[in-house]
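Scope of the values below: all heavy atoms of this structure, side chains included, with no hydrogens, waters or symmetry mates.
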Amino acid sequence: MVVSGDATIQALARGRCDVLTDDETGLPDAINRGIERLRRISHSGPVAVVLPELPYATAGAFDMLLASAREHLRAYLADATGTGTTCVIAASTEAVIHRFGSNSARAHAEAGLAAFDIPVPGLRADVDVVDDLCRQPFWLGVGTGRVTECRRGTG
């Protein structure tokens, strides 16, 4: 399920999964909208809420995350800084808790979600601004064409 107000994203996802239009009222509302849709189509779980800014994500990393998720009712994956969150996993639509935003890793821990401790750097390397591409290790792959520019500080 993809929830987005962006026409390009909707077009790319259409035919591959369910697409919901986002009312652009914020991330929590978009997540809730997606979860409610899953409930309406009788999908009880499991559920993964994954933020869209993970250009280094790989199928193998998701496989590792989802295999580890079976051990938890609810869990979250902290970003590379340890303060944010890139995704939350729940055993069912009823168990989903999300607290994305400033210091979300702490908020998720305080809400009772377990922290994933698995080696998936591509799922931890979120990109909020262009400079975030320059901060990632070269071996992660995305942005490698800009490495020289990044080193010169031009972003």
Side-chain angles (χ1 to χ4, degrees), residues 1-6 9-10 12-20 22 25-144 147 150:
M1 166 109 23
V2 170
V3 181
S4 176
D6 185 287
I9 292 171
Q10 290 174 357
L12 289 170
R14 197 165 287 114
R16 298 174 186 232
C17 62
D18 286 346
V19 178
L20 289 177
D22 181 6
T25 55
L27 184 58
D29 287 342
I31 294 168
N32 291 337
R33 184 180 182 99
I35 292 167
E36 185 54 39
R37 172 64 181 266
L38 289 173
R39 289 178 183 144
R40 280 196 308 271
I41 63 171
S42 299
H43 175 86
S44 60
V47 176
V49 177
V50 181
L51 298 187
E53 63 238 5
L54 299 173
Y56 305 99
T58 64
F62 276 113
D63 288 345
M64 188 179 293
L65 176 74
L66 296 173
S68 179
R70 292 185 183 114
E71 303 169 15
H72 306 284
L73 174 63
R74 297 178 186 99
Y76 71 96
L77 184 66
D79 66 9
T81 67
T83 59
T85 304
T86 61
C87 63
V88 298
I89 303 282
S92 71
T93 55
E94 300 304 320
V96 176
I97 294 175
H98 58 91
R99 304 285 189 270
F100 291 99
S102 182
N103 296 308
S104 61
R106 181 179 58 188
H108 285 117
E110 289 172 354
L113 281 72
F116 282 113
D117 186 24
I118 54 176
V120 287
L123 294 182
R124 294 182 189 274
D126 62 331
V127 175
D128 296 315
V129 296
V130 172
D131 284 347
D132 289 344
L133 287 170
C134 299
R135 291 187 185 94
Q136 302 309 321
F138 177 78
W139 54 267
L140 281 177
V142 175
T144 55
V147 170
C150 291

Let's go through H43 and T93 carefully: what are the C-alpha distance in whole Å and the side-chain angles of both, what is the deciding distance for side-chain contact (heavy atoms from CB on, under 4.5 Å) to 0.1 Å, and is it a yes or a no?
CA-CA 8 Å; H43 175 86; T93 55; 4.3 Å; yes
Using every non-hydrogen atom in the two residues, find where [X] and [Y] come nearest and quote the distance to one decimal.
X: A78; Y: G82; value: CB-CA, 4.2 Å
X: A61; Y: V120; value: O-CG1, 3.7 Å
X: A75; Y: L113; value: O-CD2, 3.6 Å
X: G84; Y: A105; value: O-CB, 3.5 Å
X: L54; Y: L123; value: CD2-O, 3.6 Å
X: V3; Y: G34; value: CG2-CA, 3.9 Å

So OG of S104 and CG of L51: to nearest 0.5 Å the spacing works out to 8.0 Å
R74 side chain to G112 main-chain N or O, any donor-acceptor pair under 3.5 Å?
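Pair absent, no side-chain N/O of R74 close to backbone of G112.
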Give a yes or no on whether the backbone of T83 and the side-chain of R106 come within a donor-acceptor separation of less than 3.5 Å.
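Not a single qualifying donor-acceptor pair exists.
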Quick one: does [X]'s side chain get under 4.5 Å of [Y]'s, heavy atoms only?
X: D18; Y: L38; result: no
X: H98; Y: N32; result: yes
X: R70; Y: P46; result: no
X: V50; Y: F62; result: yes
X: C87; Y: L65; result: yes
X: R39; Y: E94; result: yes
X: R124; Y: L77; result: yes
X: V2; Y: L12; result: no

In this structure, are over 12 heavy atoms from other groups packed under 6.0 Å from R16 atom CZ?
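Not buried by this count: 12 neighbours or fewer within 6.0 Å.
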Run the numbers on L66 and I89 for side-chain contact (heavy atoms from CB on, under 4.5 Å), then give the verdict.
CA-CA 8 Å; L66 296 173; I89 303 282; 4.0 Å; yes
Using the ring of each side chain (for Trp, its six-membered ring), is F100 parallel, tilted or perpendicular to H108, with breaks at 30° and 60°?
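Perpendicular: the ring planes of F100 and H108 meet at over 60°.
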For D79 and T81, which I'm curious about, is there any donor-acceptor pair between the side chains at under 3.5 Å?
yes
Is there a side-chain contact (heavy atoms from CB on, under 4.5 Å) between M1 and L20 once you walk through the steps?
CA-CA 7 Å; M1 166 109 23; L20 289 177; 3.5 Å; yes
